[in-house]
Each structure stands twice: as structure tokens, then as C-alpha cells.
Amino acid sequence: MSTTQLAAEAIRWYDENARDLPWREPGIGGWPILVSEVMLQQTPVVRVLPAWRAWLTRWPRPADLAADTPAEAIRMWGRLGYPRRALRLHECAVALVARHDGEVPTGLDELLALPGVGDYTARAVAAFAYGRRHPVVDTNVRRLVARAVAGEPDAGPATRPADLVATEALLPAAPERAARASAAFMELGALVCTARSPRCVDCPLAARCAWRASGRTAPPGPTRRPQRYAGTDRQVRGKLLAVLREATGPVPRARLDLVWSDDLQRSRALAGLIEDGLVEMLDDTCVLAGEQPSADG
DNA sequence: CATACGTGGTT
DNA sequence: TAACCAAGTAT
């Protein structure tokens, strides 16, 4: 079977070339892996590393985080971006204590029911923490499969059930080995079969790659670009939250007024943060969610 | 299915 | 410098 060979080659390469990442340490546990997966959502490895270490040092078990405030979780999140993930992780910890005896569950459905855990993360935790044989499909795997198997320059814009089927077909029968294959595919996608400039010369799958065999056809024309970051509500939210993150107590509205001059947009952004549960309003001041009143008032 | 959601490094 | 990119999720 040629598909089985893809996994075999990928694993062989992975054994030699995988990065030495702390959450890959054998037996590390479900919680550290869950935290790493959530942090890695849309965030580069190099920025996650220190945050992951600090987070797990402070909250080694879900119960530790559940006992602390959401505000502290948001603070520890620092500048990783998408701070709602910190809130989701805190909610996760609370749910794990309430529903799963403080442990990260092993089943896909139970994982999927956790806040901030979607299809990718549920599969990643089940496979990498518990050795379950589930296809793990992230953007790297979708790109690699699109190229190596389908011969296309890139995967489609949205995850499709077909991606799951195509990836499942590549997995070895033995669960532990399937999980290793998934890790290998992700690592290959991250380091070799990259989006911009794939390094086919270094690719262990090159000899079997359909895209390379076709002469590396170019992707279709320009896709519609999203809005620029500068000037968006997103940027304003970031500025507002940065002030609250660094403050030790309630912040007067007047101080938040300084971060953005457009009253309408600033109000809209703040309302969004409150709506998302990241920020709370107390009288004429704002605080991070669940912030405890400081002793010194 | 499109869009909102942060941040900072690379090209 | 502007655009692109990085282990997605929720609506």
C-alpha cells in the first residue's frame, strides 16, 4: 500500500528531525497537552514555549487553575493573542473539575464538549495524550495531504469531511503509531511542506508526492484578502485589554479613553470585550473578568 | 459558508 | 512597507 508508506516515511523522518518540544515528552499528561494545543491555535511555537511553561508552573493541574480567577488566566496569557482562549481554558478547568474529576477526558465527544475545544484540538488531545487512533487534521496536515495525495498546490479554504477521510486513510492500524504519524505529518507541514516555499529537496515524501510529480502546479489566482489589522476593532480591543492586563485594580473609563480617540469605535470595542466575558464594568471603572478587589483598595 | 477574533516575526 | 503567516473556534 502506497498510503501506508507515506506514514512510514513520515515517521522515519520525524524520529530524526522532530523538534524537541516540551509537550512532546512521553507521559506528559492530558492537561499540559490540552494547554499546548489551545495556545498553539493560530500562534507560533516560539511564542507559546515560555507561556506554556509559566502557565503549567503556576497551574500544574486543572483544579489549580479552576481555583484562580479568570482575570489571572487572562493576565498569564500575556501577548499570545486571541485572549478569549485564556477564558476558555479557565472554563475548561472549571468544567474538568465539575464533570471529569479534575482530569482531561479521553473520549472525542467529551473533549469536544469542552469550551474552546473544537474538532482539531479534541483529536489532537485524544491522539497525542492518550494514543487514540483519530486523524488529527490541522492546516499543515490539510496542505500536506492536498499536495502529496491529491496533487493540488494547496488545501481548500475550509476544513471538510473529505479531509478527515483522506487523512484517516493514511494512518497505520496501530493506534500509537497512528498518533505518531499524525505528529509527523504536522511536523512535516510545519518545517518542510510549508505554505510559502516548500522544501521538497528535504522532504521524505518527495518520491511519492503527487504535487511534485505534476511539476508543482501553481495555486489559483489571488484570494480575497481579509481586512487589514490596523484601525480595526480588533486592534482597539487589543489596546484596551493591554491596559487592563497591566493594571492591578479597577481602571477608570477616562484612562481607557486614552488608548483610542474614536469614541464610537472605542465604545464598540469595549462593549465587545464585555460581551465576550473578558472585561467587567464596575461603576465607572473596568476590570478583567472575575478580578478580586485588591486589599489596598 | 463567511467573518470576527491578537500579536509579532518574516518576506 | 504592506502583505503574509502561525498546531483554530464559534457564530
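In the text below, chain A, chain B and the rest are named by the order of the sequence lines, each starting its count at 1. Basis for what follows: all heavy atoms, side chains included, without hydrogens, waters or symmetry-related copies.
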### Message
Measuring only the C1' atom in each nucleotide, how far is B:dG8 from C:dA10? A whole number of Å is fine.
### Response
24 Å
### Query
Can you check the A:Leu188 CG to C:dA6 P distance for me, whole Å?
15 Å
### Task
Please state how far atom CH2 in A:Trp77 lies from atom P in B:dT7, giving the value in whole angstrom units.
12 Å
## Note on the structure
Whole-Å distance, A:Arg268 CZ to B:dC5 C1', equals 14 Å
### Message
Under 4.0 Å, heavy atom to any atom of DNA chain B: which of residues 126-157 of chain A qualify?
### Response
none
### Query
Atom CG of A:Leu191 and atom P of B:dT10: how far apart are they, to the nearest Å?
15 Å
### With sequence neighbours excluded, residues passing side chain to side chain contact (heavy atoms under 4.5 Å, CB included) with A:Gln265
A:Asp233, A:Val236, A:Trp260, A:Asp262, A:Arg268
## Note on the structure
Taken in chain and number order and not counting sequence neighbours, the residues that satisfy salt bridge (charged side-chain N to carboxylate O under 4.0 Å, His left out) with A:Arg53 are none
### Query
Starting at the 5' end of DNA chain B and moving along, which residue's nearest nucleotide shows up first, A:Ala158 or A:Arg196?
A:Ala158
### Task
Look at the side-chain N and O atoms of A:Thr121 and state whether any lies under 4.0 Å from the OP1 or OP2 oxygen of C:dT9.
yes
### Task
Using distance alone, with no hydrogens and no angle criterion, decide if A:Thr69 and A:Glu291 have a side-chain donor and acceptor under 3.5 Å apart.
no
### Summary
Here the pair of heavy atoms bringing A:Leu89 nearest to A:Leu65 is O-CD2, 3.6 Å
#### Entry: Whole-Å distance separating the CG atom of A:Leu49 from the C1' atom of B:dG9
15 Å
### Query
Of the candidate nucleotides C:dG8, C:dA2, B:dG6, which contains the atom at the shortest distance from the side chain of A:Tyr120?
C:dG8
### Task
Give, ordered by number, those residues of residues 238-251 of chain A having at least one heavy-atom distance below 4.0 Å to an atom of DNA chain B; if nothing qualifies, reply none.
A:Gly238, A:Arg245
### Query
Is the distance between the ring centroids of A:Trp59 and A:Trp31 under 6.0 Å?
no
### Query
If you find the nucleotide of DNA chain C closest to A:Leu114 and the one closest to A:Val45, which residue's nucleotide is nearer the 5' end?
A:Val45
### Query
How close or far is atom P of B:dA4 from atom OH of A:Tyr229, stated in whole angstroms?
14 Å
### Message
What's A:Ala124 touching, base or sugar-phosphate or nothing? Going by heavy atoms closer than 4.0 Å.
### Response
nothing
### Message
Taking only the C1' atom of each, what is the distance from B:dT11 to C:dA7 in whole angstrom?
### Response
22 Å
### Task
Return the residues of residues 12-44 of chain A meeting this criterion: a heavy atom under 4.0 Å from some atom of DNA chain B. Order them by number, or give none.
A:Gln42, A:Thr43
#### Entry: Heavy-atom side-chain contact between A:Phe128 and A:Ser36 under 4.5 Å
no
### Message
Can you list everything that forms a side chain to side chain contact (heavy atoms under 4.5 Å, CB included) with A:Glu16? Sequence neighbours excluded, please.
### Response
none
### Query
Strictly by modelled atom types, are A:Gln41 and A:Tyr120 linked by a side-chain donor-acceptor pair under 3.5 Å?
no
#### Entry: Set of residues satisfying side chain to side chain contact (heavy atoms under 4.5 Å, CB included) with respect to A:Ile28, sequence neighbours excluded
A:Glu25, A:Pro32, A:Ile33, A:Trp52
### Task
Select base, sugar-phosphate, or nothing to describe what A:Asp276 touches, counting heavy atoms under 4.0 Å on all strands.
nothing
### Task
Using only side-chain N and O atoms of A:Arg47, determine if any of them is under 4.0 Å from OP1 or OP2 of C:dA6.
no
### Task
Quote, to the nearest angstrom, the C1' distance that separates C:dT11 from B:dC1.
12 Å
### Message
Is the shortest side-chain heavy-atom distance between A:Arg88 and A:Leu114 below 4.5 Å?
### Response
no
### Message
Tell me which residues in residues 79-94 of chain A lie within less than 4.0 Å of DNA chain C, going by non-hydrogen atoms.
### Response
none
### Span that lies between the C1' atom of B:dG6 and that of C:dA6, in whole angstrom
12 Å
#### Entry: Pairs satisfying side-chain hydrogen bond (donor to acceptor under 3.5 Å, both in side chains), at least one member in residues 95-111 of chain A, at least two apart
A:Thr106-A:Arg132
### Summary
Besides A:Leu108, the hydrophobic cluster formed by Ile, Leu, Val, Met, Phe, Trp and Tyr side chains linked at under 4.5 Å, directly or via other members, contains none
Donor-acceptor contacts, no H, no angles, side chain residues 164-174 of chain A, under 3.5 Å, sequence neighbours left out:
unit_1: A:Thr167; atom_1: OG1; unit_2: A:Asp163; atom_2: O; d: 2.8
unit_1: A:Glu168; atom_1: OE2; unit_2: A:Arg133; atom_2: NH1; d: 2.7

### Other ILVMFWY residues reachable from A:Leu282 by side-chain steps of under 4.5 Å
A:Val287
### Query
Just checking A:Ser197: base, sugar-phosphate only, or nothing, at a heavy-atom cut-off of under 4.0 Å?
nothing
### Query
Which nucleotide in the list C:dA2, B:dT11, C:dT9 gets nearest to the side chain of A:Arg228?
C:dA2
### Task
Round to a whole Å and report the spacing from CG of A:Asp119 to P of C:dA7.
17 Å
### Task
State whether a side-chain donor-acceptor pair under 3.5 Å links A:Ser261 with A:Arg266.
no
